[in-house]
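Note that ligands are numbered from 1 as they come in the structure, with each ligand's atoms numbered from 1 the same way.
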Amino acid sequence: MTAPRIEVDLGKIQHNTSCLVERLRTRGITVTGVTKAACGHPDIANAMLAGGVAGLADARITHVERMRKAGITCHISMIRTPMLSQVERTCANSEASFNTEMDVIAELAAAARRSGLVHNVILMVELGDMREGIMPEDLADVASQVVKMPGVALKGIGANFACLSGVAPNPEAMAMLTLLANDIEGSIGPVVEIVSGGSSSSLPWALGFGTMGRINNLRLGEAILLGVDPVTGTPIGGLHTDAFTLVVEVIETKIKPQKLVLQSVNPACSDLRLVHDDHWKTRSLLAIGHQDTEAAGLIFPLGITFAGATSDHIVVETRNNPLRVGSEMRLQLNYNALMRAMSAPGVTKIINPDRILINGIADSQCHARSILV
Ligand SMILES: *Cc1c(COP(=O)(O)O)cnc(C)c1O
């Protein structure tokens, strides 16, 4: 089979989704499935839907359009504030978007009015990640402008944590989000239907012992796809961490010294020789590189150590069993490596849906098939 390829086990994605949906349901929290690391791959989106997410979200309109083209009709939100140059496409393809700029909201409203729609707006508030968000003291004012604007409807508020700063959300920040929801409603009425309390990094908080306050939604990508807590990288109990496997091919295996330098023996004439040290290692080349994934985000099998990467090669050292040229190696990926591999045209995506259960029945019409991006 062709390499490099990424093999996707939809059954595991569906399992992870339904586990998280069920655990959070008992806390009064719905799950929005975030498809951006999968580039809006329709099969992966459908596995999330089969697992019970309330809707989908992506950061890029191209990914949303890909899902729409594939016939996905569920509620989709844009979780990155839309570009002014893409307001038409945003309104046409997503029911809601996360916003922080009045100029963008006004253009979304105009685009929605032109097509006879109402676009839903969720206002993002800055609570310490220092990426996107309206400052908390300005939120009520922006909210009151949005509710007065024809073409858009204020649907809720949300916050993002641990993306830029890497700091996990704390109970105080979550309590603040509840306070802000109450504040807005105090001044303009019951308009805050959704209070979206962050991403996978909010799971330790949401599954902990604290009170949820008014938080009733989380936007989950990494926890569903990779089964880990993004802040610590630790696996979440009961979830699969191997829904994705990167398969690469070995193209060279040689025993080489650690160092090899070209020295001139006699500078007067061009008498050169190669000098090496005595640290001989078995090194192999894998036909994959920076163009295809984030090399530092790959998890190698036991006994294999990463030595370095360039645009088209990864070099590894092996201790016991030399890797045969033409053989394949199976790797796990972290979120960044996954995201880049999913978006790389040089990495074939292989979906094997033979284990997906739709309504508890194995769908026998789905055979393993290869889907090119
Ligand atoms: C990417 C993203 C998410 C999902 O993050 P995960 O860590 O993959 O769960 C949620 N919200 C926003 C705004 C995002 O950009």
Using heavy atoms and a 4.0 Å limit, tell me yes or no: is Arg131 in contact with ligand 1? yes
Pairing of Glu88 and Arg114 as salt bridge, 4.0 angstrom limit: yes
Could you check whether Ser94 and Ser77, counting side-chain N and O atoms only, form a donor-acceptor pair closer than 3.5 Å? no
Considering only non-hydrogen protein atoms, determine which one is nearest to atom 15 (O) of ligand 1 and report residue, atom name and distance to 0.1 Å. Lys36 NZ, 2.7 Å
State, yes or no, whether a side-chain contact exists between Val8 and Ile350 at a heavy-atom distance under 4.5 Å. no
Quick one: do the Ser200 and Asp229 side chains pair a donor with an acceptor below 3.5 Å? no
What about Val34: any of its N or O atoms under 3.5 Å from an N or O on ligand 1? no
At a 4.0 Å cut-off, with the gap strictly under it, does some heavy atom of Glu132 reach an atom of ligand 1? yes
Nearest to atom 9 (O) of ligand 1, what protein heavy atom do you find, and at what distance? Ser200 OG, 2.5 Å
Derivation and outcome, side chain to side chain donor-acceptor pair (under 3.5 Å), residues Asn216 and Arg27: CA-CA 8 Å; Asn216 58 12; Arg27 316 262 159 150; over 6 Å; no
Electrostatic pair Lys256-Glu317, nearest N-O below 4.0 angstrom: no
protein heavy-atom neighbour closest to atom 5 (O) of ligand 1 works out as Ser199 CB, 3.3 Å
From Leu117 CG over to His119 NE2, what is the distance, rounded to the nearest 0.5 angstrom? 9.5 Å
Within 4.0 Å of some non-hydrogen atom of Leu220, the atoms of ligand 1 are 9 (O)
When you measure from the heavy atoms of Tyr335 to every atom of ligand 1, does any distance fall below 4.0 Å? yes
Candidate pair Thr253 and Arg283, rule side chain to side chain donor-acceptor pair (under 3.5 Å), full reasoning: CA-CA 6 Å; Thr253 290; Arg283 287 164 80 97; over 6 Å; no
For atom 8 (O) of ligand 1, what is the nearest protein heavy atom, given as residue, atom name and distance? Glu222 N, 2.8 Å
Select one of side chain, backbone, both or neither to describe which atoms of Met78 lie under 4.0 Å from any atom of ligand 1, heavy atoms only. neither
Could you identify the single nearest non-hydrogen protein atom to atom 11 (N) of ligand 1 and state the distance to 0.1 Å? Arg219 NE, 2.8 Å
